[in-house]
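Heads up: the structure comes next, in structure tokens.
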Amino acid sequence: VQLQAYGGGLVQAGGSLRLSCAASGFSFEDYAIGWFRQAPGKEREGVSCISRSNDITYYADSVEGRFTISSDSAKNTVYLQMNSLKPEDTAVYCCAIDLSGPPTRRLWPIVKIYDYWGQGTQVTVSS
């Protein structure tokens with residue numbers, strides 16, 4: 001099982017980026033994929049989660065309406081489209097997989113339920 005996140009970069013406030021999480025060794029359609037971020041000096045926090053098996057997506061309140069999670073089964077890739085970026089979105093973003101099945105709304109942001117993590121990609125939003 002491997003996950004690789006990429007697509008980060010430097011963008012001005014109000015700009016957009018699209019992150020990708022490429023999966024290998026499994027079909028993500030059977031599991032949930034979460035996006036997390038960690039800013040310097042802060043704990044890792046859940047940003048969004050997608051579960052293709054029951055067609056559910058979740059978002060953190062801080063990104064609701066600005067970020068959109070989606071997937072491409074042919075490419076076995078999950079995307080995070082980030083619009084209207086703010087300086088407080090600056091962080092290392094990474095993706096992870098939950099092999100135990102679709103998480104609930106209460107559980108999806110919890111780091112320990114995820115089994116494998118990919119390396120992160122840096123997102124920097126300048127003011």
Side-chain angles (χ1 to χ4, degrees):
V1 175
Q2 284 192 326
L3 297 168
Q4 179 66 50
Y6 57 94
L10 173 64
V11 64
Q12 289 188 331
S16 299
L17 282 174
R18 188 178 80 159
L19 304 183
S20 301
C21 175
S24 60
F26 67 95
S27 172
F28 71 84
E29 292 208 359
D30 297 327
Y31 308 106
I33 299 290
W35 278 102
F36 288 77
R37 66 186 181 187
Q38 188 166 19
K42 295 187 177 181
E43 292 186 354
R44 186 172 295 184
E45 64 170 345
V47 176
S48 184
C49 177
I50 185 168
S51 172
R52 285 290 301 269
S53 63
N54 56 357
D55 199 25
I56 283 180
T57 58
Y58 300 115
Y59 296 94
D61 290 344
S62 58
V63 307
E64 181 85 51
R66 299 188 298 123
F67 291 10
T68 302
I69 193 169
S70 63
S71 62
D72 184 332
S73 57
K75 296 181 178 180
N76 216 27
T77 298
V78 172
Y79 303 100
L80 185 69
Q81 178 66 43
M82 306 186 296
N83 298 329
S84 302
L85 283 161
K86 305 175 181 180
E88 51 264 44
D89 294 318
T90 295
V92 175
Y93 286 69
C94 59
C95 54
I97 182 172
D98 173 14
L99 298 178
S100 64
T104 63
R105 181 175 296 278
R106 182 178 67 85
L107 290 179
W108 78 264
I110 298 175
V111 170
K112 66 180 181 180
I113 74 168
Y114 292 85
D115 302 281
Y116 292 94
W117 293 79
Q119 289 187 330
T121 183
Q122 176 72 45
V123 172
T124 303
V125 185
S126 63
S127 57

Taking only residues two or more places apart in sequence or in another chain, which ones pass ring pair (Phe, Tyr, Trp, His ring centres under 6.0 Å) with Phe36? Tyr114, Trp117
According to a hydrophobic-cluster definition based on side-chain heavy atoms being under 4.5 Å apart (Ile, Leu, Val, Met, Phe, Trp, Tyr only), do Leu19 and Val47 belong together? yes
Taking Phe26's backbone N and O only, do any of them form a donor-acceptor pair with Tyr31's side chain (distance below 3.5 Å, no angle check)? no
Straight-line distance of Arg18 CZ to Met82 CE, nearest 0.5 Å: 11.5 Å
Taking the side chain as every heavy atom from C-beta outward, state whether Val78 and Cys95 have any atom pair closer than 4.5 Å. no
Beyond-backbone contact of Val123 with Thr90, side-chain heavy atoms, under 4.5 angstrom: no
With a 4.5 Å heavy-atom cut-off, do Gln12 and Leu85 have their side chains touching? no
Report the distance from atom CG of Leu80 to atom CD1 of Ile33, rounding to the nearest 0.5 Å. 12.5 Å
Has the side chain of Ser48 got a donor or acceptor atom that lies under 3.5 Å from a matching backbone atom of Tyr58? yes
Got Gln81 and Ser16 here, is their nearest side-chain heavy-atom distance under 4.5 Å? yes
Flag yes if Leu107 and Val111 sit in one hydrophobic cluster, no otherwise; membership is Ile, Leu, Val, Met, Phe, Trp, Tyr, and two members link when side-chain heavy atoms are under 4.5 Å apart. yes
Look up atom CG in Asp115 and atom CG in Asp98, then write down how far apart they are to the nearest 0.5 Å. 6.0 Å
Rounded distance [0.5 Å steps], CG in Leu17 versus CG in Asn83: 9.5 Å
Rounded to the nearest 0.5 Å, how far apart are CD of Gln4 and OG of Ser24? 9.0 Å
Any pair counted as salt bridge (Lys or Arg N to Asp or Glu O under 4.0 Å), so long as it reaches residues 67-95, sequence neighbours left out: Arg37-Asp89, Arg66-Asp89
Is Gln119 atom CD crowded by more than 12 heavy atoms from other residues, nucleotides or ligands, each under 6.0 Å away? no
I need the Thr57 OG1 to Ile69 CD1 distance, nearest 0.5 Å. 7.5 Å
